[in-house]
Every structure is written in C-alpha cells, then in structure tokens.
Amino acid sequence: MNHQEILDHEETLDPENWDEMRALGHRMVEDMITYLQTVRERPVWRALPPSVKAHLQQPVPLAPQGAEGAYQDFVEHVLPYPHGNIHPRYWGFVNGTGSALGALSEMLAATMNPNVGGADHSAIYVEEQVLDWCKEMLGFPQSASGLLVSGGSMANLIGLAVARNAKAGFDIRKEGVAAAPGMMTVYCSTETHSSVQKAVELMGLGSKALRKIPVDNNYRMAFSQLEKMIAEDRAAGHLPICVVGNAGTVNTGAIDPLAQISDLCRREKIWFHVDGAFGALAYLAPEMRRALHGMEAADSLAFDLHKWMYMPYEAGCVLIKDRTAHRNAFTLVPEYLVQHERGLSGGPFWLANYGIQLSRGFRALKVWLLLKEHGVDKYRRLIRQNIAQARYLAQLVEQNAELELVAPVALNVVCFRFNPKNMSEEKLNEVNRQILMELHERGIASPTSTILHGTYALRAAITNHRSRKEDFDVLVAETLRLGAEMLCTRG
Ligand SMILES: *Cc1c(COP(=O)(O)O)cnc(C)c1O
C-alpha cells in the first residue's frame, strides 16, 4: 500500500463496536469483584499445569484474537494461578493484598492514561497531594520533597543517590565517582534488604563500600559497632557518606536504634536514610512511635504503599528533607522539556526531575482514592490488627511444645519452626523446608522462609487485611499435622 492508500484506510485501536466493549467491561468488573469476594474459598496457591505453561510460551500473535478472545485466554490461563498474596492465608515475603477499589482505580488511571512526568494537568496535583499526605502521615515536614516510585527498591536507590551526591563534596554528576578523594562508604546492618546493596553497586561505589554492621540478639544494628566502623574508616582516609537504618527488617521486622543513629549522623555530618519499606507505616499507630523514634529525623525515608497499606502493585514512595539536594541529584532539562509559564507545558516543577523515570504512570490515583475511601484511621486499625495477629501467632507457637519461635517478634513478622526436640539441626532444617512446600502445594497457607544464624525458619510477614484470627489457628494446626506426617514417613 502506498501512503495514499494507507490514508484511505485509516485504522485505530478503538473498538469497532463500543457497546460490545462496554458489555465486556461490565463482565470483567462482575468477574473480578466476584473473584475478590470468593478468594477465601480457593487454595492459596496452585502450581501451573504443564499445558498452561506451554500455552504461555506460544509465539507473538499476528492475527487478532479479539478483546473477548484475549479475555477468555486470561480467564483460563492466567487468573487461576495467582501468586496468592490476595488470599487471607498468605503471609509470604512481604506482599500486600490489594482491594476492590484498588483494582478499579487502576482502570481509572489507565483510562486517563496521563504521563505524570510533568506538565500542567490534574494527575500532577494528585501526586503532589498524595506526597503531602505521606509526609503528614509519617511525621515529615511539608517542606520535604518526594516521589512515588515502583517500590522500596527504587525508593532506596533514589534516597541513596541523593545522599551520595549531597555528601560527595564535589560535583559527582560531572566528575563521576572516580574523582572521589577516598572510598565513599555506606553503612547498614547485616539484616538490611538486598535492594540497598544493589543501589550501592549501581551507583558505582562497589559493594565493598557497603559496610555491614553486625546485629544484636534482637537483629538490631549493634550501634557501638557502627560508631567504631565509621571511626576506623575515617582514620583510613575513607569518606563515610550515609547510614541506612531499618524501620522493620525484612527477615524479622527488627527496628534499628534509629534515634541513636540519627544523632551520630548529625554529629558526623553523614546522611541518614531509613528503609521503612513496610515498618515505617507502623508510625500510624501512636503506640508504635516510641520504637520508631528517630525515623522522623531521617534525611530520607523509603517506604511502600503496596505492602502495609495494602494498595495494588506498584506503589512505593521516597521522601527527602532537603528538596534542593533532591532536585540537584536528578534535574536535567533538555530543549524538548523546557517549562513554559502557561499552557500544558507549564505546571509545577516537573516530577521527572526528582527521579530517574521521565514517563511515569498515574500510580498516585489509587493512593489518593484509597486514602479517601477508608481514611487513615482505618489503616491505623488494620496495622494494629496485623501486629496483634503476629503476637497471637507467636503466642500459639510458644504454647506448643513442638513449635518454637526462631526470632523475637518486634512488629508483624513471625519466624518459627516445627521442632519435636529429638532431631539434629540439619534434619530440622530439612523437615521445615518440606513442611513449607507442602503448605504451599496443598494450597493451605503461604508463609515463606528465611535462614537465621543457620536455622531454617518458617516466616509469616503479616501485611494482610483479609487474615482473621482463625487463619493463624489453621497455620499452626497444619504445620503440626504436616510435621507429624513427615516424622511417620521418615520412620
Ligand atoms: C520489600 C522491601 C524492600 C524492597 O521494596 P520493593 O517494593 O520490593 O522494591 C526494601 N526493604 C525492605 C525492608 C523490604 O521489606
């Protein structure tokens, strides 16, 4: 076809028949709301059958399957094999649970489909408002800057990048890390999430510049070791630039001595970043603020809305006290992005200049809608509920002679194991591994695992608004039953 012929047969992705699309949309809403309503009746997890995996390896479709056909394919091959994190007995890794309006809000955002990198349109103001609300919720001043990001990993990367640039003492954007007069060192506990190391590596500092400080019996950073390490590094001519404190470690939910770290950082003129991926949200409950004391004093704070705020993936946030330092780290305005004083090209200082992404989705909308739907008080109660459930599970474990806690419960994470007290450590590790896989494959419950000082532990991280007390009774009863079964088959 030549250009003229193409123009004579112009096409679009809009539906040929809007009524059919509307009907399909209604059906989807109907199906999805029912799916959420009945989630408890399904297994938490089930393996994908080989036929389904094969179906998901077909080559790219050239011919149309139609909206209806594509949806059918989803219903048959995708929907029945979920991660399971929306299920009431899911407590794996640290995953949020989503909600009905959360799902619908994704449709609203995708319908408007704005690019929230910048320019003058409503989505920008929605994100600015959501950021202001986050500051208000977590005790940060309104003068702070921030950005919604994909999650805690990106929030940590942005916080650390601002820290590096602000503390380097030279124009690192221009000169690069090679121009540093000494090794730029970053400090965190050995329990810190892997995303911090990834960020340090990506920033060109090298993982050996990440000083991993040992933890105490409660998995909190050993503060005196931090002081010692910083002093030693200074004596060796290195440049300590940042300490990362944990508000809720991924393994056990431990909270580092944030106030002590913050005081030290102020004295030493070191940037203080807090990784509060899920734990920062415990700040909503005033009785938890003592444990989190010092978090408000951080220079930057990373946290997730898709974990302990139960919002749909993806939604994380970084807040930074020094707005200028934040802008200095990322602002770059080429000719085609120059801001104007009026029109679409106007608007507030571009959000793209606070991070790495230029094109940005409207993830602020779900946060905005969900905070409006429920109000912060509801989230406060749910977070308390999850903490109370963690205590309840810990109590069940402690009351049972064949179970034991493997770490103290500081927040909403419970690490425990089956231990009939007559097995070697090696066998215990293996039996508990088998119990976990059985819990998953039988669709009973989805805790996951970790290893603490060589001990394999079943780990329940409770960021689930659908869990009820009896779900933890099920977890405990089934763990014991599977443990007993395994003892029999082992002979
Ligand atoms: C989950 C988690 C992260 C990473 O966040 P993502 O949202 O998965 O990118 C970082 N730190 C801690 C403590 C976490 O629990």
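Order of appearance sets the numbers: ligands from 1, and atoms from 1 within every ligand.
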Problem set entry | Neighbour count >12 (heavy atoms, 6.0 Å) for atom CG, Asn113 | yes
Exercise. In terms of the angle between their ring planes, are Tyr310 and Tyr379 parallel, tilted or perpendicular, with boundaries placed at 30° and 60°?
Worked result: parallel
Exercise. Considering all heavy atoms of both residues, which atom of Trp271 and which atom of Cys265 are nearest to each other, and what is their separation?
Worked result: O-SG, 4.1 Å
Problem set entry | Proximal ligand 1 atoms for Gly248, defined as those under 4.0 Å from one of its heavy atoms | 13 (C)
For this session: Apply the salt bridge (Lys or Arg N to Asp or Glu O under 4.0 Å) test between Asp233 and each candidate in Lys208, Lys228, Arg211; give the one that qualifies.
Result: Arg211
For this session: Mark the output for Gly316 as yes if a heavy-atom distance to ligand 1 is under 4.0 Å, and as no if none is.
Result: no
Problem set entry | Residue, atom name and distance, where the atom is the protein heavy atom closest to atom 11 (N) of ligand 1 | Asp275 OD2, 2.6 Å
For this session: Indicate, as side chain, backbone, both or neither, the part of Lys307 found under 4.0 angstrom from ligand 1 when only non-hydrogen atoms are considered.
Result: side chain
For this session: May I ask you to decide whether Arg442 forms a salt bridge with Glu478, counting only side-chain N to carboxylate O separations under 4.0 Å?
Result: no
Seminar exercise, completed: Hits for ring-ring contact (aromatic ring centres under 6.0 Å, His included) against Phe472, two or more places apart or cross-chain, chain-then-number order -> Trp91
Problem set entry | Asp304: numbered ligand 1 atoms lying under 4.0 Å from its heavy atoms | 5 (O), 6 (P), 7 (O)
Seminar exercise, completed: The atoms of ligand 1 lying under 4.0 Å from a heavy atom of Ala277, numbered in the order shown, are 2 (C), 3 (C), 10 (C), 11 (N), 12 (C), 13 (C), 14 (C), 15 (O)
For this session: May I ask which of Gly253, Ser194, Gly152 has a heavy atom nearer to atom 6 (P) of ligand 1 than the others do?
Result: Gly152
Exercise. When you look for heavy atoms under 4.0 Å from ligand 1, do you find them on the side chain of His306, its backbone, both, or neither?
Worked result: side chain
Seminar exercise, completed: So for Ser195 against ligand 1, with non-hydrogen atoms under 4.0 Å, the contacting part is side chain
Problem set entry | Lys378/Glu373 ion pair, N-O < 4.0 Å | no
Seminar exercise, completed: Note: ligand 1 atoms sitting under 4.0 Å from heavy atoms of Ser153 are 4 (C), 5 (O), 6 (P), 9 (O)
Problem set entry | Per-atom contacts of ligand 1 with Phe278, taking only distances under 4.0 Å to non-hydrogen atoms | 15 (O)
Problem set entry | Passing option when Tyr90 is tested against Asn95, Asp471, Asn464 for side chain to side chain donor-acceptor pair (under 3.5 Å) | Asn95
